[in-house]
Every structure is written in structure tokens, then in C-alpha cells.
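Shown next, in C-alpha cells, is the structure this report addresses.
Keep in mind it's a predicted model, so treat the numbers as computed, not measured. Quick note on labels: first sequence line is chain A, next is B, and so on, each numbered from 1. Reckoned from all heavy atoms, side chains included, excluding hydrogens, waters and symmetry mates.
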Amino acid sequence: MQELLVISGKGGTGKTTVTAALAALAEDKVLADCDVDAADLHLLLRPEVESVNEFYGSKKAVINPKFCNLCGRCLEACRFDAVLQVVSEKADGKARSDRGSFYIDSLACEGCGVCALVCPTGAVTMEPNLAGYWYISETPYGSLVHAQLGLAEENSGKLVTKVRQEARRLGEENNARLIITDGPPGIGCPVISSLTGVTLALVVTEPTAAGRHDLERVVKLADHFHVPVSVCINKYDLAPEKSREIEAYCYETGLSVAGKIPYDIDVVRALVNGVPLTSCSRGAAAKAVQAMWDSLLVRLEKIGNQ
Amino acid sequence: MIVTVASGKGGTGKTTIVTNLALALAKKMPVQVLDCDVEEPNAHLFLKPEFQEEREVTLPVPEVDETKCTACGRCSEVCAFHALAVAGGRVLVFPEMCHGCGGCSLVCPAGAIREKPYRIGVVARGQAGNIDFVHGRIDIGMPMAPPVIRAVKKLSRREGLTLIDAPPGTSCPVVAAVKGSDFCLLVTEPTPFGLNDLRLAVGMVRELGVPCAVVINRSTLGDQRVERYCLREGIPILLKIPFDKEYAATYARGRCLVEDYPHWVPSFIGLWQEVERLVSQRARAAGN
């Protein structure tokens, strides 16, 4: 089973639009949305959720005030400023009864457990933390594994890994040939978790000063993990000279440009109606995606034969 | 005042708002821009600062003295991030997994672990006209953005206006950027994606207790659902920027709206005045 990952360095370049459009063209595939921070693929694929599953991230520290002797060792030992001390007074000027006691800022806590290690009275415990959910859904275009990380939660990398594992398991069950994955933006922890071991990364970029800059960084990241890359230039005709710069950069660095998609109002229409571009339009952008898909299939087959 | 510009998602125009606000206000007051999108910092492409100093951001990562280590495995047991493992009678360290919590050196019974700085990125500071500019960049292959974001924020001058360009999303890197801000501007676009991501971003800033308002970019593409949502939630919409191929071309060339289209300057100054008004209103309501 091969895995095609769609990434972009940055959000907003059209990653999800391209992923959904490819999903409507490809056969024998399972779909995965690894943008667990702000998953959007479901808005175009209209999944019917079949199973909802809890995701536990790293544990978080909790201080039980009953056992706390206010020694302050936890405060000294925490390097993430996650241990706080009640200092405020009530509006009437009287001190609060809990003045001086310690508590954990769960948003700052990284779950390292050092506070629990140093606490002499055992007042600090590490508690499991429900950090989000992952789902298996049916869509008109095949099965979809997606997730939603809780607000302000960490561990998106681990949730991405979970989504990919489930997509792989589902793919094997369904005898699928391909997993198409919508990746997260950036080059940090969730992208690294999405990228390791995929067959091919399709990097969607746009012809802007920022687009070129982000493309270079994400290509370096893919190189770092030995993942082959194809490039898709979205809205290439909005700034033809920048598109040519990007093409020249790809040529110089030996990257293949799989497709160039023109700016097309049908893309916005498809988005607003919540359907993949290629299932509702025969316009210029839809044709370009079809051509790109043909060339990606050739590339995937070549990689498969290596 | 510290104002963070966030969006739930990249590509909605966060950097556009930060750079145009900074340029529109720089003649009136001290302005500092902190680009905290350390995975893909872009604000420098538009403000074109001259960088005067650059320094490394490091985490304290364990180093094992093999002459003292007994391979007891205590360090790998306590490590919540799987950054240490015992194999073949010695301890292996995976620095890119390490959060620098110091737990391993704390528990080592043989005193065999000391910490050494491990580079994860850089922070650079410079000047773009009157604007004091700082940005961070994580090194390629480093998963850890928040420490670099915190290093950028340490250089906040705390005079006039500090504008923070936040990373996309709603998880730890964004929280690191938004935390401690006086106000958060959420940039969105009027599409189902925009609305979905805006909802998440609103949830995130409410979780952090930071007041917010919305800017709608490419306001003429899409539908009315974002506006209806804002109305329902009582979130003010402070500025709308219509889609225009000419604006897109300006952006593509690495230029700012207020440079090529000066009639936008008053709109950005008005945006700032509205933010100021909302912040002081809230301060009054809180009894300060």
C-alpha cells in the first residue's frame, strides 16, 4: 500500500482543496486527515461518522492541596512555569483561605513529571488527559480517518501517528492500494509525524514571495526524512513571474512539478457548496487537477517499481 | 500593549494584517513586530528588516558520563518524552525528543548526567524603518516550536504596540504565542474552512481569557456564514478586505497593501483605534 501525503509548508495554499479533488478521482483508497489542529477535509467529503474514539495525550500534573505542605519544591523544579501559587486577595482586602497554595497551569504543563518526582509528600500526581478524539467515517469517496485535537492541547504529533496507524489498518482491511493524506501546515511536530515513511509528498505551493520561502523549508524537511517530493503550483496565473521562479527553483533542485492549477472561481464555489472540485466542475482548475493526478499515478507507479 | 494576530489556520492573511498595521502605525508610535510563526516566518519578507543580531535558542539536553553511568535505567524510566533509552549496557540520548525538563539528571543515582545546550533554532532581531523586528526560526527537523516562540517573546519591548504574528492552528505553539496578550485579532475568510477554523480559534482564545475581534480577508469570496457566526457570538468584525487580483499580486511580490494602496492606511489606523477602545473598555469593566 502506498501513501500520498499532501503538504504545503503553510496553510491556505489549497492543500485540502487539492486533497479532496484527488480523493474524488482516485480508486481503491483510504483517506486520512492529519491536520488534527484544524481539520477541514470533512467539510468537503461530508463523512458519516461510524466510530468516535478518545485520544489521551501525555499526562498532566495535578496537586492535591490536602497533602501539599507548601514547601515549593515543585515551583523550583518546573522549567515550564506551570506551577503557580495563589497570591491574590479577595476584593474586600481579606486574604483568601487558599492563599499560598500551589496549583498547576494545565496549559503550560508539558507532562514531564518532575514536580511529582520532587514532591516530598506525594501531593502531585500525573493524571491522564483527554486531549481529543479520532473518528472513522464513511464518505461518498471512501473511508476517512480524521481527528480533532482539543483546544489548546499538545501532542498533535501523537494524534497524527494514531490517525495514520488507523488509516493503514483500514486500508489493509479494505485491500486498498493507496492512502491519500491531507497533511498539517508548517514543518513542526505534526508534519514530521505525517511525513515519516510516506511514499510521496505532494507539496502545494502558491506563487508568492512567502510561498517560495515555505516551499524551500518543507522540501528540506522532506529531504531530511528521505521522502520524494512532487510540487503543485496552485493559482499559478495570479503571479506568472513568481510561478516561473518557483518552476526554475524546482528545475534547479531536481524537483518534479506535477501540476499547475489556474485561479478559477469554480474552486470557491465548490468550497462554499462543500463538495470536491473534481466532482462538480469541468472548468480549468478541475482539468488541471485531473492532469496532475495522471502524472502522480505515473510517479507513484515508478516509485512502486523501484 | 500586546496584540496577537492569529487565525486558526495559515493562509488567511495573518501576516498581511500584522505588516500593514505595523507600517500604518509606525509613524505615530513605537511599534514592534514579533514573528512567532517560527515554523514558517514570513513577516520579514514584507517588512524587509536589516537584522543586526542573531542568537541560538537551545534546550538543556542530557549528556551521559559513561565512566560514571551504571546503566540502571532510572533516567529512561522517568523520561516522559522517550528521549533516553538503555541498550547494550549504555544510555542512548535522542536530543530531538527532549523537552529539557531536567528529570533525568535529577534522578540519576550515579550523578552521571549533566546537561548541555542543544540548538533547536534561532532568534533574529533587526530594524525595519521605525519598526523593531524580531523573529524566530526552528531548525529543519526540530519538532519543538514553543521554546523558540518563548525566546522571541522574551525580546518584547513593552512600549507602544507589540504585534505578534502567531503560528496557525489551535494547539501548543499558538498557545505559547497568544498567552499574555492584551488582545487577539482573528483573521478569517468567509468560506466554510474559514468558519470552521475561526470557531476553533475563538474557543482557544476564550480558553486563554484573551478578548478578541475578527478581521475578514477576501471578504467578497464566499458566503455570509462567518458574519452570522460573529453576530451570534457577539464578536466584533473590525475590518473587511475584499478580494482583488491586484491585492493578490501586491502580496505575491512581497509588498504591503498600504505601500501600493495608501488609501488603506486610515483603515488600518481605524482598526488599531478600535482595538484600543475595546481593550480599555474591558479594563474599565474589570474595575482597573
Side-chain angles (χ1 to χ4, degrees), chain A residues 8-13 16 36-40 43-44 58-59 77 79-80 107-108 110-114 117-118 126 149 151-157 184-193 206-211 213-214 217-218 220-221 224-225 235 238-239 242 263 268 271-272 274, chain B residues 7-13 15 37-42 45-46 60 78-81 99-103 106-107 138 140-146 167-175 179 189 191-193 196-197 200-201 203-204 206-208 221-223 245 248-249 251-254 287:
Chain A
S8 65
K10 192 108 178 173
T13 54
T16 302
V36 299
D37 247 31
D40 277 341
L43 297 171
L44 297 180
S58 59
K59 293 180 173 178
R79 293 188 179 170
F80 308 107
L107 287 175
E110 302 216 1
C112 69
V114 166
L117 276 175
V118 298
M126 300 304 295
L149 194 67
L151 295 171
E153 287 291 351
E154 53 187 325
N155 278 301
S156 45
I187 59 166
C189 126
V191 187
I192 290 172
S193 299
E206 46 180 22
T208 64
H213 178 255
D214 302 337
R217 274 172 74 83
V218 80
K220 276 188 199 145
L221 184 72
H224 186 92
F225 290 103
K235 305 177 202 160
L238 276 186
K242 283 277 170 213
Y263 176 80
V268 180
L271 191 59
V272 169
Chain B
S7 68
K9 194 111 177 165
T12 52
T15 304
D37 189 356
V38 301
E39 291 183 37
E40 302 289 359
N42 283 153
L45 300 172
F46 297 91
V78 299
C79 180
F81 312 109
H99 288 218
C101 71
L106 201 68
V107 299
I138 57 167
I140 304 282
M142 289 297 143
M144 220 89 70
T170 55
S171 66
C172 35
V174 194
V175 171
K179 229 179 169 189
E189 49 183 25
T191 63
F193 288 0
N196 183 57
D197 303 335
L200 297 171
M204 185 264 308
R206 284 184 176 161
E207 187 98 353
L208 291 174
L221 289 180
D223 56 25
K245 273 197 171 185
Y251 174 80
R253 283 196 302 269

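Shortest non-hydrogen contact noted between C101(B) and F80(A) is CB-CE1, 3.8 Å. For the pair A80(B) and G111(A), the tightest heavy-atom approach, listed with the atom from each and the gap, is CB-O, 3.4 Å. What you find for K245(B) and Y263(A) is that their closest heavy atoms are CE-CD2, 3.9 Å. Contact detail for Y251(B) and A210(A): the closest heavy-atom pair is OH-CB, 3.7 Å. In plain terms, the two heavy atoms of L238(A) and A248(B) that are nearest each other are CD1-CB, 4.2 Å.
For E110(A), the parts sitting under 4.5 Å from any heavy atom of chain B are the backbone and the side chain alike. Proximity to chain A (any heavy atom under 4.5 Å) is shown, for L200(B), by both the backbone and the side chain. Neither the backbone nor the side chain of R206(B) has a heavy atom closer than 4.5 Å to any heavy atom of chain A. With a 4.5 Å cut-off on non-hydrogen atoms, V78(B) touches chain A through its backbone and its side chain both. Residue V272(A) touches chain B through both its backbone and its side chain, counting heavy-atom pairs closer than 4.5 Å. When heavy atoms are compared at a cutoff of 4.5 Å, F193(B) approaches chain A by way of both its backbone and its side chain. Proximity to chain B involves both the backbone and the side chain of K220(A), based on heavy atoms less than 4.5 angstrom apart. With a 4.5 Å cut-off on non-hydrogen atoms, L271(A) touches chain B through its backbone and its side chain both. Of the atoms belonging to P207(A), it is backbone heavy atoms, and not side-chain ones, that fall under 4.5 Å from chain B.
Taking CD of E154(A) as the reference point, atom OG of S171(B) lies at 9.0 Å (rounded to 0.5 Å). Between atom CD1 of residue I187(A) and atom CD of residue E39(B) there is a gap of 6.0 Å, rounded to the nearest 0.5 Å. Atom CG of L43(A) sits about 8.0 Å away from atom CG of D197(B), to the nearest 0.5 Å. Taking CZ from F46(B) and OG1 from T208(A), the interatomic distance works out to 6.5 Å, rounded to the nearest 0.5 Å. Atom NE2 in H224(A) sits 9.0 Å away from atom CD1 in I140(B) (nearest 0.5 Å).
Residues that satisfy the salt bridge (charged side-chain N to carboxylate O under 4.0 Å, His left out) test with D37(A), not counting sequence neighbours, are absent from this structure. For D214(A), there are no salt bridge (charged side-chain N to carboxylate O under 4.0 Å, His left out) partners, not counting sequence neighbours.
Among the candidates G12(A), S156(A), A77(A), the residue making the largest number of heavy-atom pairs closer than 4.5 Å to chain B is G12(A). For the set K179(B), E207(B), E189(B), the count of heavy-atom pairs under 4.5 angstrom toward chain A peaks at K179(B). Ranked by non-hydrogen atom pairs under 4.5 Å with chain B, the options V114(A), L107(A), T13(A) are led by V114(A). Of all the listed residues (G157(A), C189(A), G211(A), P184(A)), the one sharing the greatest number of non-hydrogen pairs under 4.5 Å with chain B is C189(A). Contact count versus chain A (heavy atoms, under 4.5 Å) is highest, among G254(B), G141(B), P60(B), C79(B), for G141(B). The residue among P173(B), G102(B), A249(B) with the most heavy atom pairs within less than 4.5 Å of chain A is G102(B). Annotation: maximal heavy-atom pairing with chain A below 4.5 Å, among A201(B), G203(B), P192(B), occurs at P192(B). Contacts with chain B were tallied for L44(A), V218(A), V118(A), L149(A); L44(A) has the most, counting heavy-atom pairs under 4.5 Å. Most heavy-atom pairs under 4.5 Å with chain B, from the set G274(A), A239(A), G186(A): that is G186(A).
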Show, in sequence, the C-alpha distance, side-chain angles and deciding distance for R217(A) and I138(B), and conclude whether the side chain to side chain contact (heavy atoms under 4.5 Å, CB included) test is met.
CA-CA 10 Å; R217(A) 274 172 74 83; I138(B) 57 167; 4.0 Å; yes

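A donor-acceptor contact shorter than 3.5 Å links the side chain of N196(B) to the backbone of A39(A).
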